[in-house]
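Got a structure here, written out as structure tokens. Questions coming.
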Amino acid sequence: MSQLVSLVRDGNVALIVIDNPPVNALSSAVRAGILECFRAARDDAQVAAIVFLGAGRTFVAGADITEFGKPPQPPVLIDVIAEIDQSPKPTVAAMHGTPLGGGFEVTLACHFRVAAPGTRVGLPEIKLGLFPAAGGTQRLPRLVGMDKAAAMILSGEQMPAEEALEIGLIDEIVAGDLRAGAVAFAKRVVAEKRPLRRVSELDDKIAPLRADPARFDEIMASHMKRGRGLDAPKAVVESMRQTLTLDVEEASRNDRDTFVRLIPGEQSRGQRHIFFAEREAAKVPGVSKDVKARAVRRAAVIGAGTMGGGIAMCFANAGIPVTVVETSGEALKRGLDTVAKNYKTSVTRGSLTAEEMERRIGLMSGATDMDAVKDADLVIEAVFEEMDIKRQIFGALDRITGPDAVLATNTSYLDVNAIARETQRPASVLGMHFFSPANVMRLLEVVRGERTSPEALATAMAVGRRLGKVPVVVGVCHGFVGNRMLRARSIEAERLLIEGALPQEVDGALTEFGFPMGPFAMGDLAGLDVSWRMRKAQGTRAEIADALCEAGRFGQKTGKGFYLYEAGARTGKPDPEVEAMIVGVSKRLGVTRRPIGRQEILERLVYPMVNEGARILEEGIATRPGDIDVIWIYGYGFPAWRGGPMFYADTVGLKTICERLSALATASGDKRHEPAALLQRLAAEGRGFASLDEKKSA
Ligand code: T1G
């Protein structure tokens, strides 16, 4: 047997142990090893039952994603699973960790499934632009019914073993030694001569749908939320529809063909790129795995505004006690009341229990005296974007907190080095830039100052992950990575309005591209007065946004912005008043308006961002193109199935992008549209940004 898969005996039970760190992925060698061991156990007269077990931290977590896009090696997974499915002897899957994807599909081919407490099962293929093509779409509905199966497969979410037990997905939770417990379970099955229930032959949950196919469509429609229009969700529906007419064997063969077609598709390539890019982003140059992060037992947040309150919620949600400091009792009360309101909304929505809400609120304390943070291991400043205020706060924090405390600023664009210079501990100062709403958005830009130490960085990255964020290290410049690229887009979006486009046309180009909303709807949601205040502080102008603010149109908060929001509606309507204002600004600037098509709008919004991303890479502000992609997907809603701005640029072709940017530079006279040197070099060499990333995915 290969060392990746071994066959051991425990009495009359054969154990097939898979040991392929780190997650027991089903590489071709593992598949071959499983098949070899299974056949040996099946054909051994001394063996009465077979248990599948994963070594290390988890049962099999899926097919080996690094193999996708390469020529498939035998044996293919559906053939391995088909043989297990036909086992004449009882088969038991002993699960722990995260049995996912193909790994969970192996367990569905077993007669029985047992799991250690805390195990989480799932079929997350949809998140890779794929679908469970090794029988998951055929066996799961036969086991738990179409509705629960569709919910699990179309969301790709993990399910705790305790819930899986309730719905009959697993047979027993095994406390203590999983291996011993699973063997004992198998021996009981043999001793009791339990009937062997082959999942592929179950039909009681499918027959009613066969009689009422419309019900099948209703179920599918109820679970097809975000994935509308994408290839993988459509493939899931058509694959699951086969349960009404075909047996598992035949349907699985069709699934394999569909799967092979999805693999090379741009949508799956984009999502697999992000899967690996997110993990690459966790690898910070100069911060090796043996750099020890400092323990963060207590946190503190300075400022209880929208951001400060949201950040404090992140810590409470992660079970970390957090002190919130404000300048006055009134401001503090306002901030904590907003936090309580947010939690109450979650309880009303059913996404949080009242007890959990009380527990989290109990982890938060408030103060108006900065001395309250003296025991904090990490302090995050989240006050107004005024450098003088931040300088004062960091000077005070430096005096008050312990020598090992990490001091972070949530600034979205100010100079972290200047802030660090206000302290005696610049090595422990960095930026932790959360995205609004901080308790929801997963991106965390960790801003590395010129003197930030590896330990401080490791601490911020570790805390980011504990808070459930996706931390990405960025360098110091105006706007770091995300907001610097957003500014390039915002300038062009305003120009498009002046030259002839309307807000709904500009926003429509991006929502059709896959963004949840466009720049103007986003501005109305965030509040146009926020960036207006920043522009006034910097002495810059945005003609149309300024005109709207001067007319008191701050967006949703005032019922009017770029759009009209009737009676507190969340979705705005085009407002003829705004169109008249825009036409007036064009006239005042002497610009002759013209109709602008969707493709031109899209190119003028996305390509300047790519150009800024190339400069960011040249300057070393981001380590990899994939880091920029992760930032835009987790911080700004760039559609994951497009892989992020830099991956998308590769799919367009950098030569094309260079040509369009040069034309834009000539037409607008704006030198910033001249293609960045890196972009020109890669285009000239016929390469893409991907050639700069060392990645595993094909
Ligand atoms: N294949 C190859 N490498 C994988 C992998 C996989 N399936 N899963 C993880 N890795 C690598 C990962 O890149 C990282 O590498 C290391 O393992 C630790 O991962 C036929 C076709 C299991 C919940 O989608 O969700 O089965 O950076 O940092 O936070 O229908 O990994 O250390 O070099 O994420 O503890 C379906 C994907 C595949 C599961 C563990 N399965 N993995 O999280 O560790 S498609 C998945 C995860 C499929 C079938 C279809 C998570 C995890 P490195 P990590 P973690």
Side-chain angles (χ1 to χ4, degrees), residues 4 18 20-31 34 54 56-70 72-73 75-82 95-109 118-140 152-153 155-160 232 235-236 239-240 251-252 255-263 268-269 271-284 288-289 461-462 464-466 468-471 624 626 630 640 693-698:
L4 291 171
I18 299 143
N20 181 26
V23 297
N24 285 328
L26 288 165
S27 63
S28 53
V30 169
R31 297 194 302 269
I34 290 174
R57 64 179 177 168
T58 178
F59 188 77
V60 176
D64 184 339
I65 310 174
T66 60
E67 285 187 353
F68 294 162
K70 296 170 189 160
Q73 301 294 322
V76 291
L77 186 56
I78 57 165
D79 293 343
V80 177
I81 285 181
M95 298 187 280
H96 72 296
T98 49
L100 300 172
F104 188 50
E105 289 175 296
V106 168
T107 76
L108 292 173
T119 302
R120 297 177 67 82
V121 299
L123 294 171
E125 289 87 341
I126 203 94
K127 296 183 176 182
L128 297 172
L130 300 169
F131 73 106
T137 53
Q138 308 304 313
R139 289 187 175 85
L140 191 59
M152 200 166 180
I153 293 172
S155 70
E157 295 308 320
Q158 299 175 7
M159 179 185 287
V236 166
S239 171
M240 295 180 89
S252 294
D255 287 346
R256 173 116 194 102
D257 297 342
T258 308
F259 182 81
V260 166
R261 181 168 47 76
L262 285 175
I263 286 267
S268 181
R269 284 177 50 243
Q271 289 176 259
R272 298 194 320 261
H273 160 68
I274 285 303
F275 175 85
F276 288 111
E278 187 183 325
R279 286 152 180 83
E280 286 304 305
K283 297 166 188 167
V284 182
S288 65
K289 278 208 164 86
M461 296 296 279
R465 278 191 288 276
R466 268 177 80 188
K469 301 297 179 188
V470 178
R624 311 168 191 87
V630 169
D693 266 342
E694 61 285 349
K695 259 186 316 187
K696 289 188 283 195
S697 67

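Computed from a predicted structure; not experimentally measured. When a ligand or atom number is given, it counts from 1 through the structure's own listing order.
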Measure the distances from the heavy atoms of Leu130 to every atom of ligand 1 and state whether one is below 4.0 angstrom.
-> no

Ligand-side contact atoms (ligand 1) for residue partner Gly62, heavy atom cut-off under 4.0 Å = 26 (O), 41 (N)

Is there a nitrogen or oxygen of Glu280 sitting under 3.5 Å from a nitrogen or oxygen of ligand 1?
-> no

When you look for heavy atoms under 4.0 Å from ligand 1, do you find them on the side chain of Thr98, its backbone, both, or neither?
-> side chain

Taking heavy atoms and a distance under 4.0 Å, where does Leu128 meet ligand 1: side chain, backbone, both or neither?
-> side chain

Heavy-atom distances under 4.0 Å are what count here, so tell me which part of Lys283 touches ligand 1: side chain, backbone, both or neither.
-> side chain

Before accepting this row, confirm whether a basic side-chain N of the pair Glu67/Lys70 lies closer than 4.0 Å to the acidic partner's carboxylate O.
-> no

For ligand 1, is any non-hydrogen atom under 4.0 Å from Glu105's backbone (N, CA, C, O), its side chain (CB onward), both, or neither?
-> side chain

Counterpart residues, side-chain contact (heavy atoms from CB on, under 4.5 Å), relative to Ala82 (two or more places apart) | Glu249

Nearest candidate to atom 12 (C) of ligand 1, where distance is taken over non-hydrogen atoms, out of Arg272, Arg279, Lys127, Gln271 | Arg279

Atoms of ligand 1, numbered as shown, that sit under 4.0 Å from any heavy atom of Gly102 = 26 (O), 48 (C), 49 (C)

So how far is it from Leu123 CG to Met159 CE, rounded to the nearest 0.5 Å?
-> 9.5 Å

Proximal ligand 1 atoms for Ala61, defined as those under 4.0 Å from one of its heavy atoms | 22 (C), 39 (C), 41 (N), 46 (C)

Could you tell me which residues satisfy side-chain contact (heavy atoms from CB on, under 4.5 Å) with Thr119, sequence neighbours excluded, listed by chain and number?
-> Met95, His96, Pro99, Ala115, Ala116, Val121, Ala161

Any N/O pair Pro132/ligand 1 closer than 3.5 Å | no

Run the numbers for me: atoms of ligand 1, each under 4.0 Å from some heavy atom of Phe275, listed by number.
-> 8 (N), 9 (C), 13 (O), 37 (C), 42 (N), 47 (C)

Phe59 contact mode with ligand 1 (heavy-atom cut-off under 4.0 Å) | neither

Give the contacting part of Ala63 toward ligand 1: side chain, backbone, both or neither, where contact means a heavy-atom distance below 4.0 Å.
-> both

Under 4.0 Å to a heavy atom of Gly101 - the qualifying atoms of ligand 1, by number = 26 (O), 36 (C)

Tell me, please, whether Phe275 has Arg279 positioned over its six-membered ring: NZ or CZ under 6.0 Å from the ring centre and within 45 degrees of its axis?
-> yes

Atom indices of ligand 1 within 4.0 angstrom of Phe259 heavy atoms, with elements | 21 (C)

When only distance counts, is Ala133 in polar contact with ligand 1, meaning an N/O pair under 3.5 Å?
-> yes

Within 4.0 Å of some non-hydrogen atom of Phe276, the atoms of ligand 1 are 13 (O)

So, is Glu125 polar-close to ligand 1, with some N/O to N/O distance under 3.5 Å?
-> yes

Indicate, as side chain, backbone, both or neither, the part of Val23 found under 4.0 angstrom from ligand 1 when only non-hydrogen atoms are considered.
-> side chain

Counting only heavy atoms, which portion of Pro22 has something under 4.0 Å from ligand 1: side chain, backbone, both, or neither?
-> side chain

Which ligand 1 atoms, with their elements, are less than 4.0 angstrom from a heavy-atom of Arg57?
-> 18 (C), 19 (O), 35 (O), 44 (O)

